[in-house]
Amino acid sequence: MINATSPGSGQTSSASEAPLSQRLGRRLLRYGIVLFLLGLATGRLVESLALPRMGLSSHLQGVMNGTFLIVLGLIWPHLRLHALLLRAAYWLALVGTYLNWAVTLAAAAWGAGGTTMPLAAGDHLGTPDQELTLLIGLRALNVAMFASCFLVLWGLRGEGPPWPGSRSTY
């Protein structure tokens, strides 16, 4: 297993060269704040959308998934995964969270989603192409979020390096 929290060659790295897990964690923090802000902006648009209730769903998806990415960014340096799996989990989390926000916003703007999200869309149906786009987006985000969460859970297994600030008795 590659230790993604230390330089690969065993040499000391310069201050500008952070380990992969720290770099990805910092990016997740940044993208989480961006998604949180997009969710807040969506909340300001709710009344102007074709389906305000779906717009509220998009607002909540942006805020909640932005918070989720921030939490992931904070725990990212503690994951014990191969570099490839670390990158896969990172991209799956980004794709899943942003798709979640974007798909619900598209449904709200189109006045669509009755076949895929009936609780929020009610009986409002878009064109067949819109409904298919929403279905594909929802399936893709579902797979991405589950896969990312499973990888993160796997990366948190076992005894890892001590948490920052913790005191080891060994």
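From a predicted model like this one, the values you see are computed outputs, not experimental measurements. We use all heavy atoms of the structure for the numbers below, so side chains are in, but hydrogens, waters and symmetry mates are not.
- Judged by distance alone, the side chain of E131 and the main-chain N or O of L125 form no donor-acceptor pair under 3.5 Å.
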(Q) Using the rule given for side-chain contact (heavy atoms from CB on, under 4.5 Å), can you reason through L79 versus S21, listing the C-alpha separation, both sets of side-chain angles and the distance that settles it, and then say yes or no? (A) CA-CA 8 Å; L79 298 182; S21 61; over 6 Å; no
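- The two atoms that bring P52 and V46 nearest to each other are O-CG1, 3.3 Å, heavy atoms only.
- What you find for A108 and G55 is that their closest heavy atoms are CB-N, 3.4 Å.
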Evaluate the side-chain contact (heavy atoms from CB on, under 4.5 Å) criterion for residues L28 and L94: first the C-alpha distance (whole Å), next the side-chain angles of each, then the deciding distance (0.1 Å), finally the verdict.
-> CA-CA 8 Å; L28 284 170; L94 281 182; 4.1 Å; yes
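- For residues 89-99, there are no side-chain hydrogen bond (donor to acceptor under 3.5 Å, both in side chains) pairs, not counting sequence neighbours.
- Here the side chains of M145 and N65 are in contact, with some heavy-atom distance below 4.5 Å.
- In this structure, H78 contributes its side chain and I75 its backbone to no donor-acceptor pair below 3.5 Å.
- Closest approach of L92 and A147 over heavy atoms only: CD1-CB, 3.6 Å.
- In this structure, T116 OG1 and Q130 CD are separated by 11.0 Å, a value rounded to the nearest 0.5 Å.
- Of all non-hydrogen atoms in L69 and G32, the two that sit nearest each other are CB-CA, 3.6 Å.
- Using a 4.5 Å cut-off between side-chain heavy atoms of Ile, Leu, Val, Met, Phe, Trp and Tyr, with links allowed through other members, V63 and L29 fall into the same hydrophobic cluster.
- Taking a 4.5 Å side-chain heavy-atom cut-off between Ile, Leu, Val, Met, Phe, Trp and Tyr, the cluster of F146 extends to F150.
- Applying the side-chain contact (heavy atoms from CB on, under 4.5 Å) test to I33 and every residue at least two apart in sequence or in another chain returns L37, I70.
- Residues V71 and V34 are members of separate hydrophobic clusters, defined by side-chain heavy-atom contacts under 4.5 angstrom among Ile, Leu, Val, Met, Phe, Trp and Tyr.
- Between the side chain of S148 and the main chain of A89, a donor-acceptor pair closer than 3.5 Å is present.
- The two atoms that bring A112 and A121 nearest to each other are O-CB, 3.6 Å, heavy atoms only.
- Counting heavy atoms from C-beta on, the side chains of T115 and L135 never come closer than 4.5 Å.
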With side-chain contact (heavy atoms from CB on, under 4.5 Å) as the test, would you mind laying out the steps for W76 and L86 before giving the verdict?
CA-CA 9 Å; W76 211 257; L86 199 64; 3.6 Å; yes
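- Within the 3.5 Å criterion, the main-chain N or O of R23 finds no donor-acceptor partner in the side chain of R26.
- Looking at S57, its side chain never comes within 3.5 Å of a backbone N or O of T104 through a donor-acceptor pair.
- Grouped by direct or indirect side-chain proximity (heavy atoms under 4.5 Å, Ile/Leu/Val/Met/Phe/Trp/Tyr only), L153 sits alone.
- The backbone N or O of G39 sits less than 3.5 Å from a side-chain atom of H59, completing a donor-acceptor pair.
- With sequence neighbours excluded, the residues that form a side-chain contact (heavy atoms from CB on, under 4.5 Å) with I136 are L132.
- When all heavy atoms of S58 and T42 are compared, the closest pair comes out as OG-CG2, 3.7 Å.
- One finds the CG atom of N142 at 9.5 Å from the CG atom of N100 (value rounded to the nearest 0.5 Å).
- With hydrogens and angles ignored, the 3.5 Å screen pairs no side-chain donor or acceptor of R80 with any backbone N or O of L156.
- Taking Ile, Leu, Val, Met, Phe, Trp and Tyr as hydrophobic and joining them when side-chain heavy atoms fall under 4.5 Å apart, one finds L51 in a cluster with M54, V95, L99, V103, W110, M117, L134, L138, L141.
- Neither W101 nor L56 shares a network with the other; the hydrophobic side chains, linked directly or stepwise wherever heavy atoms of I, L, V, M, F, W or Y lie under 4.5 Å apart, form separate groups for each.
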